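Here is the structure we will look at, set down as structure tokens.
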Amino acid sequence: MIGKKFKFFRKPEATEEERTPPGQYLTKGFPVLTYGETPHITQEEWQLRFWGKVAEKTFTWSDFMSLPQDEFTIDFHCVTRWSKLDVKWTGIKVPHLISQIELQPGVTHVMFHCYGGYTTNLTLEEFNREDNFFAHTLFGDPLPDEHGGPMRLVIPHLYAWKSAKWIKEIQFLDREELGFWERNGYHKRGEPWAEERYSF
Ligand SMILES: Nc1nc2c(c(=O)[nH]1)N[C@H]1C(S)=C(S)[C@@H](COP(=O)(O)O)O[C@H]1N2
Ligand SMILES: [Mo]
């Protein structure tokens with residue numbers, strides 16, 4: 001069992017310092033960062049609609065729960081300079097979801113629309129990654145409203161403003177459009193290790 005044997009030889013756990021991007025400070029709590037009011041959406045009310053350059057489709061809560069579920073432990077970095085290490089979630093990997101829908105040829109970008117009106121954008125490539133997921137459970141409990149319950153997106157490799165809470169619609173595009181913070185001075189991509197914070 002080569003797989004097992006390798007466990008004994010793995011490198012030491014990276015220190016917290018090495019896992020903290022430049023200009024970030026660690027927090028033990030889990031701050032809430034929301035622009036505007038917190039929406040209150042039940043699992044029964046929640047739906048996720050796909051539109052734009054895709055065969056239009058709407059998923060209900062039970063449609064979503066029937067997709068493969070995984071557990072994730074990720075570090076979460078907010079551009080306002082707090083980072084929280086080892087956040088534990090349960091949810092659905094983005095590629096599992098993408099395999100359920102039919103994109104039209106030429107899709108290059110994606111726009112996320114949330115209950116409450118927030119938007120944020122990604123390229124299709126930055127979105128359709130194995131490490132991105134839709135999350136409904138946080139540290140073993142149903143995702144609280146203030147953290148985006150019942151369902152949010154988590155994009156661990158980019159600043160947390162890309163991790164859309166209360167996800168409601170995903171729009172597929174053949175050109176770049178900018179979301180709320182991206183129109184208001186944040187960087188288009190937002191990679192924490194490169195400190196892609198602002199667009200000026
Ligand atoms: N719908 C929505 N999603 C959002 C936001 C928001 O205001 N509305 N804020 C973003 C920002 S700036 C951050 S840092 C994270 C914070 O997630 P948290 O409140 O669970 O810590 O959510 C992101 N997703
Ligand atoms: Mo943020």
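The shown structure was predicted, so the numbers you read here are calculated from the model rather than taken from an experiment. Every number for a ligand or one of its atoms is a count from 1 in the order of the listing.
- Under a 4.0 Å criterion applied to the non-hydrogen atoms of Y35, ligand 1 contributes the atoms 6 (C), 7 (O).
- Nearest protein neighbour of atom 15 (C) of ligand 1, counting heavy atoms only, is A160 O, 3.5 Å.
- Using a 4.0 Å cutoff on heavy atoms, S163 counts as a contact of ligand 1.
- For ligand 1, the atoms sitting less than 4.0 Å from at least one non-hydrogen atom of C114 are 1 (N), numbered in the order shown with element in parentheses.
- If you check each of K84, K165, E146, H147 against atom 19 (O) of ligand 1, the one with the closest non-hydrogen atom is K165.
- Atoms of ligand 1 lying under 4.0 Å from any heavy atom of R152, numbered from 1 in the order shown and given with element: 15 (C), 17 (O), 18 (P), 20 (O), 22 (O).
- Under 3.5 Å, the side chains of E169 and W51 contain a donor-acceptor pair of N or O atoms.
- Between the side chains of T42 and E45, at least one donor-acceptor pair of N or O atoms lies under 3.5 Å.
- Between T119 and M111 the shortest heavy-atom distance is CB-SD, 4.1 Å.
- At a cut-off of 3.5 Å, with distance as the only test, a side-chain donor of E182 or T120 sits close to an acceptor on the other residue.
- Between P31 and ligand 1, a contact under 3.5 Å exists for at least one N or O pair.
- Numbered from 1 in the order shown, with element, the atoms of ligand 1 that lie under 4.0 Å from a heavy atom of W166 read 1 (N), 2 (C), 8 (N).
- Note that K168 lies in the cation-pi zone of Y115, set by a 6.0 Å cut-off to the ring centre and a 45° limit from the axis.
- Side-chain atoms of D174 never come within 3.5 Å of backbone atoms of K53 as a donor-acceptor pair (strictly under, hydrogens ignored).
- In summary, the side chains of S83 and H77 do present a donor paired with an acceptor at a separation below 3.5 Å, with no hydrogens or angles considered.
- Counting heavy atoms closer than 4.0 Å to ligand 1, residue F30 contributes side-chain atoms (C-beta onward) but none from N, CA, C or O.
- Looking only at atom types and distance, the side chain of T34 has a donor-acceptor partner in the side chain of K165 under 3.5 Å away.
- The protein heavy-atom contact nearest to atom 14 (S) of ligand 1 is C78 SG, 3.3 Å.
- Between the side chains of H109 and E177, no donor N or O sits under 3.5 Å from an acceptor N or O.
- Heavy-atom proximity to atom 4 (C) of ligand 1, evaluated over Y118, W161, W181, is greatest for Y118.
- Considering OH of Y118 and CH2 of W181, their distance stands at 7.5 Å, rounded to 0.5 Å.
- What sits closest to atom 16 (C) of ligand 1 on the protein, heavy atoms only, is L33 O, 3.7 Å.
- Proximity of F76 to ligand 1 is established by a heavy-atom distance of less than 4.0 Å.
- Atoms of ligand 1 found under 4.0 Å from any heavy atom of V32 (numbered from 1 in listed order, with element): 19 (O).
- By the 3.5 Å distance cut-off applied to N or O atoms, W82 is not counted among the residues near ligand 1.
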